[in-house]
There are 2 protein chains.
Amino acid sequence: MVEHAQEALFRPVRAGNAFEETVERLMQSIRLGVVAPGERLPSERELATRLGVSRVTVREAIRTLQENNYVESRRGRYGGTFVNQEIPKSAPGKEFGDIHDALTLRKVLETGAAEAAAGRSLGPSERRGLRTRLEEASTASLAEYRRKDSRLHLAIAEATGSASLTAAVAEARMRANELLDHIPLLEPNLAHSNAQHERIITSILDGDPASARQAMAEHLDGTASLLRGFLV
Amino acid sequence: MVEHAQEALFRPVRAGNAFEETVERLMQSIRLGVVAPGERLPSERELATRLGVSRVTVREAIRTLQENNYVESRRGRYGGTFVNQEIPKSAPGKEFGDIHDALTLRKVLETGAAEAAAGRSLGPSERRGLRTRLEEASTASLAEYRRKDSRLHLAIAEATGSASLTAAVAEARMRANELLDHIPLLEPNLAHSNAQHERIITSILDGDPASARQAMAEHLDGTASLLRGFLV
DNA sequence: CGCCAATGGCTCGCAGACATACCTTTGGAG
DNA sequence: CTCCAAAGGTATGTCTGCGAGCCATTGGCG
């Protein structure tokens, strides 16, 4: 029996209970900017259906987000649950033992996604979407940068046409961002990042997989080394 | 709000109930050859702990595997649950709509893993492990090839030192294998595969990331095009 | 030969999650 | 001004899964 492979296959079947998982998902969609401040989450009933949990569980999760000032709910038609303008910083802490784990997975998924996206023939709406996200990220302020950045990277993953790859990228980004939240974001980094984004998107739109991969790798290595520098 | 990214983030929080997930994991470990025919699974109590489910649930899952002739259980000390010599073929069917999804994810993860593994400085036991798996795969019969092949690929993922990457590769391989099970495995393919394995492992042991990635990409493209040819 | 440790086999009560139904609030349409 | 659709808020009974404990079986060790 292969001893080490067991660790991967016999890991826990579920990360937490239904409630915790639901909170996690909703927080992800907010932190990654999929639902921006001021915007409305899908209705409780719709979330329950899409997340595959009961409405009770969705409500408990939303109540937790309310208590932590992530969202506010309004009743009545045209009501709903809205993302607050200011959302709390993520709690510090975390085990630093799995930095390698998180960064390795992120690099594999994101460089792979960039390459795969460049290798596909993209439709007009996809090309437009990528340009829009690029533009949004490049004009973002420091405060909203992390969110716009994530939206751009998620758009790249979506451009692969693989839903499970997109989900995996979202997950990996979330883990990486939890670490990145502990280091300062500076204007020079931001400018550098934008230049790299430009290269990545251009390569994808030009259909140059090797170049897209290369550009993404350099982009990620930048933040990765920044992170290691701050934490070690 | 980014509409498409929602699909990834608001997907169901759990793939199935605890029982179904547990059956899935145990079947994976058997089908991927992590626990070979004749070998013993960990005890029910240990599985319950590691999988994070109750022993009752583990037992129900094992009973399902028994009923489908995957395993047999023996009581008493030095008893346990043993994998049968002949395990059933996986049921056909499946949606073919997500072939692209499955193959895209697999390629991204496995080429990334090969590259990452080649980029690390591996310890003696890891190097030995890789050579052993390579040897096992190269001398495998047609019947046991798929299993030995998976073990080799999992060993490569493990060599990245990232547990979550290993888990993701296992998952992706499982999905791809479900598709590959429907096409015949021929001697010439096998010989070709072994040559490619040799290149991959050599590149990893030599610490040549680019070459490892390249070799893995060609290896996977071979089976991918074979699959598309048979199914389209 | 007898003990006993480790395994699978079994049962019962509790807590979490669920489906379902109904209530309350709100603001636009008619 | 009234109505009502759509959203959040609440309550209840059911069922799944869990924890914990005990039983039955087996084979090695003393």
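Chain identifiers are assigned alphabetically (A, B, ...) following the order of the sequence lines, protein sequences preceding nucleic acid strands; residue numbering begins at 1 within each chain. Hydrogens, waters and symmetry mates are skipped; everything else that's a heavy atom, side chains included, is used.
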Interatomic distance where CD belongs to B:E60 and P belongs to C:dG9 [whole Å]:
13 Å

Closest approach to the side chain of A:S43, judged atom by atom: which nucleotide of D:dC18, C:dG8, D:dA7 is it?
D:dA7

Of the listed nucleotides (C:dG8, D:dA20, C:dC22), which one gets closest to any side-chain atom of B:V56?
D:dA20

Working to the nearest 0.5 angstrom, can you tell me the gap between B:T104 OG1 and B:R106 CZ?
10.5 Å

B:Y78, nearest nucleotide to its side chain (from D:dG9, D:dG27, C:dG8):
D:dG27

For C:dT7, take OP1 and OP2 only and decide whether either is under 4.0 Å from a side-chain N or O of B:T81.
no

Side chain B:R55 and base C:dG9 donor-acceptor under 3.5 Å:
yes

Would B:R63 and B:E60 pass as an ion pair if we require N to O under 4.0 Å?
no

note: B:E21, atom CD; D:dG17, atom P; distance rounded to Å ~ 11 Å

Rounded distance (Å) that lies between atom C1' of D:dG17 and atom CD of B:E20
13 Å

Just compare D:dC22, C:dA17, C:dG27 and give me whichever is closest to any side-chain atom of A:R77.
C:dG27

Tell me whether the rings of B:H153 and B:H197 are parallel (<30°), tilted (30 to 60°) or perpendicular (>60°).
perpendicular

Within the structure, does a side-chain N or O atom of B:S73 lie under 4.0 Å from either OP1 or OP2 of C:dT7?
no

Closest-nucleotide ordering on DNA chain C, the 5'-leading residue of A:N17 and B:Q66:
B:Q66

Nearest to the A:R45 side chain among C:dC18, D:dG8, C:dG8, which nucleotide is it?
D:dG8

How many Å lie between CZ on B:R75 and P on C:dG9, as a whole number?
6 Å

Go through D:dC22, D:dT10, D:dA7 for me and flag the one nearest to the A:R59 side chain.
D:dT10

Salt bridge or not for B:E44 and B:R59, using N-O below 4.0 Å?
yes

Rounded interatomic separation in angstrom, taking CZ from B:F82 and P from C:dG8:
9 Å

Length of the CG-C1' vector between B:L41 and C:dA6, whole Å:
16 Å

Calculate the interatomic distance between B:L47 atom CG and C:dA6 atom P; express it in whole Å.
17 Å

Can we say B:R175 and B:E178 salt-bridge, meaning some charged N sits less than 4.0 Å from an Asp/Glu carboxylate O?
no

Rounded to whole Å, the CZ-P distance (B:R74 to D:dT25) equals 17 Å

